[in-house]
Amino acid sequence: MALNGSQEADPSQFYDWGKMSLTITNRCNLVCKMCSIILEDKHTLPEELALHAADFAERRGFNEIEIGGGEPTLVKYFWKLAERICAIDGIFPKVVTNGLKHTPEMADRFAALPNLHVQVSIDGLDDNHDRIRGAAGALKRSEESLHALADRGVSLSVNTVVQRSNYHELEEVYERFKSLPLVFHAFSLIEGRDHAEGEYIRPEDGPDLMRVLRAVRARADADGRDVILSDELLKAYELRVQYPHFLMHPGFNCSVVRKGLLISHDGYAIPCQHYFWDKSEKRSLREHTLDEIVDSPEVLGELQQAIGLNGCYGCSTMCYNWDEEFREKVMSPTGRHKARRSWAVGKEYVKENYPGVAQAYRQVKRLIPNER
């Protein structure tokens with residue numbers, strides 16, 4: 001079935017494909033406190049659609065494919081998909097897993113996949129990790145998986161979601177896993193989710209958080225280890241915590257939608273996780289091939305509108321698809337985005353330091369009729 005649209009665009013001039021994220025399921029064997037999927041109806045992407053996405057990525061020149069979830073190793077066709085992706089020349093294949101159900105036989109299978117990178121999620125020490133992840137013994141099993149994979153020479157990384165209940169122990173988390181041959185240890189700031197309000201890091205905790213993160217960075221520098229805590233990222237985290245509604249992402253000319261593609265567990269192709277893309281028929285892999293979806297004038301027009309002057313306002317959450325072009329726009333804004341950022345920071349500063357003035361402003365604003 002072909003898609004139709006009124007706006008004309010040249011896909012070859014618009015897209016610069018980089019990373020595909022394949023969320024093959026939102027089923028999981030954990031109930032992590034900061035994860036939104038525990039609230040969703042459960043779906044698994046059909047095998048034929050997952051393999052179609054892998055074929056599309058090979059033909060269209062993607063350089064990275066990430067298989068995630070939920071917990072992707074729960075899916076019956078996981079190994080078939082992983083083998084297909086690892087067979088693509090020039091691709092960086094990555095699996096994001098909690099490592100709970102891994103066995104020695106699974107570690108052998110991971111090791112047999114060429115160029116595969118495995119990232120295991122670790123969110124604290126001992127009982128705290130188990131509490132955050134919602135399962136007794138979770139850390140022990142994940143740690144055993146990491147060591148089994150390391151013993152077999154699998155390329156590894158660890159990701160730790162930084163949140164209120166674990167940030168005080170991040171130095172110890174780093175120390176616990178630094179002896180492993182990790183490619184890197186990432187420290188990702190918790191994203192804004194209403195159900196995880198208790199895990200948000202409060203603005204008043206910001207200085208302490210930054211002290212801890214800089215201490216982790218100093219330890220890693222001294223050890224010659226790689227942690228994902230660059231100066232720019234530390235600054236971004238500091239701003240994100242101090243001003244929760246701070247516009248980290250410029251919607252205008254955002255490069256992410258030209259370079260990335262997310263295939264959802266329920267069978268839709270969306271450009272990013274944060275803009276309000278509708279999961280409609282025009283993005284459904286059950287109705288169209290990926291080529292039909294991304295090349296359709298309707299979808300291209302929607303993307304161009306989203307990153308145009310009157311499109312996406314930008315968002316305050318962190319992004320999984322930062323690259324050099326996007327990083328420059330985020331950390332060194334110009335023009336309209338710079339003005340919007342200054343306005344957002346100003347409002348947050350007034351609310352934090354002069355709450356009476358902020359309240360008076362809101363009251364006056366309510367008296368002014370909206371102009372459409």
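Computed over heavy atoms, backbone and side chain alike; hydrogens, waters and symmetry mates excluded.
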Is E232 salt-bridged to K235, cutoff N-O under 4.0 Å? no

What I'd like to find out is whether the side chain of I65 reaches to under 4.5 Å of the side chain of L22, using heavy atoms alone. yes

Indicate whether the side chain of N98 and that of S121 have a donor and an acceptor atom separated by less than 3.5 Å. no

Please tell me whether E71 and T25 have a donor and an acceptor in their side chains that are separated by less than 3.5 angstrom. no

Which distance, rounded to the nearest 0.5 Å, do you find between the NZ of K33 and the CZ of R164? 12.5 Å

Set out, in order, the CA-CA distance, both residues' side-chain angles and the distance that settles salt bridge (Lys or Arg N to Asp or Glu O under 4.0 Å) for R225 and D221, then state yes or no. CA-CA 6 Å; R225 310 291 295 177; D221 288 346; over 6 Å; no

Hey, does the side chain of H52 reach the backbone of L290 with a donor-acceptor pair shorter than 3.5 angstrom? yes

Is there a side-chain contact between E66 and M20, using heavy atoms and a 4.5 Å cut-off? no

Taking C-beta and beyond as the side chain, do R176 and E143 meet within less than 4.5 Å on heavy atoms? yes

Ignoring hydrogens and angles, tell me if any N or O in the side chain of Q242 forms a donor-acceptor pair with the backbone of L239 under 3.5 Å. no

With no hydrogens and no angle check, just 3.5 Å: does a side-chain donor-acceptor pair link Y174 and D223? yes

Please confirm whether the backbone N or O of V294 pairs with a side-chain atom of Y15, one donor and one acceptor, at under 3.5 Å? yes

C254 versus I307, closest heavy-atom pair with distance: O-CG2, 3.6 Å

Separation between CD1 (I24) and NZ (K76), nearest 0.5 Å, reads 13.5 Å

Hey, are K178 and E172 close enough for a salt bridge, meaning a charged N less than 4.0 Å from a carboxylate O? no

Quick test of your reading of the model: are E144 and K140 salt-bridged, counting only N-O distances below 4.0 Å? yes

List the steps and the verdict of side chain to side chain contact (heavy atoms under 4.5 Å, CB included) for D278 and E302. CA-CA 11 Å; D278 62 317; E302 185 181 42; 3.4 Å; yes

How long is the gap from CZ on F187 to CG on D123, to the nearest 0.5 Å? 10.5 Å

Mind checking whether N159 and I122 have side chains closer than 4.5 Å, heavy atoms only? no

Please check if the number of heavy atoms outside K80 that lie under 6.0 Å from its NZ is greater than 12. no

Linking I/L/V/M/F/W/Y whenever any side-chain heavy atoms sit under 4.5 Å apart, do L180 and L100 land together? no

Is there a side chain to side chain contact (heavy atoms under 4.5 Å, CB included) between L113 and E83 once you walk through the steps? CA-CA 7 Å; L113 294 172; E83 290 167 0; 3.4 Å; yes

Between E238 and R214, is there a side-chain N and carboxylate O pair less than 4.0 Å apart? yes

Answer yes or no: is there a donor N or O on one side and an acceptor on the other, between the side chain of N166 and the main chain of G124, under 3.5 Å? no

Any idea which heavy atoms bring L74 and K101 closest together, and the distance? CD2-CD, 3.4 Å

Over all heavy atoms of both residues, which pair between S145 and G99 is shortest? Give the atoms and the distance, please. OG-O, 2.5 Å

Any donor-acceptor N/O pair, E169 side chain to Y167 backbone, under 3.5 Å: no

Set out, in order, the CA-CA distance, both residues' side-chain angles and the distance that settles salt bridge (Lys or Arg N to Asp or Glu O under 4.0 Å) for R202 and D205, then state yes or no. CA-CA 5 Å; R202 299 162 297 191; D205 297 326; 2.8 Å; yes

I would like to know whether H117 and F184 meet ring-ring contact (aromatic ring centres under 6.0 Å, His included); could you show each step before the answer? CA-CA 11 Å; H117 180 87; F184 59 85; 5.7 Å; yes

Between D208 and R211, is there a salt bridge with N-O shorter than 4.0 Å? yes

Interatomic distance, T44 atom OG1 to H265 atom NE2 [nearest 0.5 angstrom]: 9.5 Å

For residues S165 and N128, report the shortest heavy-atom separation together with the two atoms involved. O-ND2, 2.8 Å

Will you find, in the side chains of S264 and D266, an N or O donor that is under 3.5 Å from an N or O acceptor? yes

Heavy atoms of other groups near F14 CZ, more than 12 under 6.0 Å: yes

Please tell me if the side chains of R84 and E58 come closer than 4.5 Å, counting only heavy atoms from C-beta onward. yes

Is there a donor in the side chain of R217 and an acceptor in the side chain of S230, or the other way round, less than 3.5 Å apart? no

Backbone N or O of K259 within a donor-acceptor pair of the D16 side chain at under 3.5 Å? no

Out of curiosity, L213 CG to L234 CG, how far, rounded to the nearest 0.5 Å? 6.0 Å

Donor-acceptor pair, side chain of N63 and main chain of I91, under 3.5 angstrom: no

Counting only N and O atoms by type, is there a donor-acceptor contact under 3.5 Å from the side chain of S142 to the main-chain atoms of L139? no

Under a 4.5 Å cut-off applied to non-hydrogen side-chain atoms, are N115 and P93 in contact? yes

Between V96 and K94, does the side chain to side chain contact (heavy atoms under 4.5 Å, CB included) criterion hold? Intermediate values first, please. CA-CA 7 Å; V96 178; K94 178 180 177 182; 4.0 Å; yes

Do the side chains of I228 and Y237 join up, straight or via other hydrophobic residues, at under 4.5 Å, putting them in one cluster? yes

Smallest heavy-atom separation, A50 atom then L81 atom, equals O-CD1, 3.7 Å

Could you tell me whether the side chain of R152 and the main chain of A148 form a donor-acceptor pair under 3.5 Å? yes

Does V95 reach the side chain of L116, with side-chain heavy atoms less than 4.5 Å apart? yes

Nearest-0.5 Å distance that lies between atom CD in E281 and atom CD1 in I293: 9.0 Å

Do the side chain of R283 and the main chain of I270 share a donor and acceptor less than 3.5 angstrom apart? no

Using 30° and 60° as the class boundaries, would you call the ring planes of F56 and W17 parallel, tilted or perpendicular? perpendicular

Nearest heavy-atom pair of G69 and P72: which atoms, and what distance? N-CD, 4.0 Å

Contact between T160 and H185 at the side-chain level, heavy atoms closer than 4.5 Å - yes or no? yes

Between the side chains of T97 and H102, is a donor N or O closer than 3.5 angstrom to an acceptor N or O? yes

Co-membership, hydrophobic cluster, residues L182 and L125, 4.5 Å side-chain: yes

Honestly curious: do V173 and L30 fall in one hydrophobic cluster under the side-chain, below-4.5 Å linking rule? no

Quick one, W277 with C272, criterion side chain to side chain contact (heavy atoms under 4.5 Å, CB included). Give me CA distance, side-chain angles, the key distance, then yes/no. CA-CA 8 Å; W277 310 105; C272 77; 3.4 Å; yes

Going only through I, L, V, M, F, W and Y residues with side-chain contacts under 4.5 Å, is there a path from L285 to L51? yes

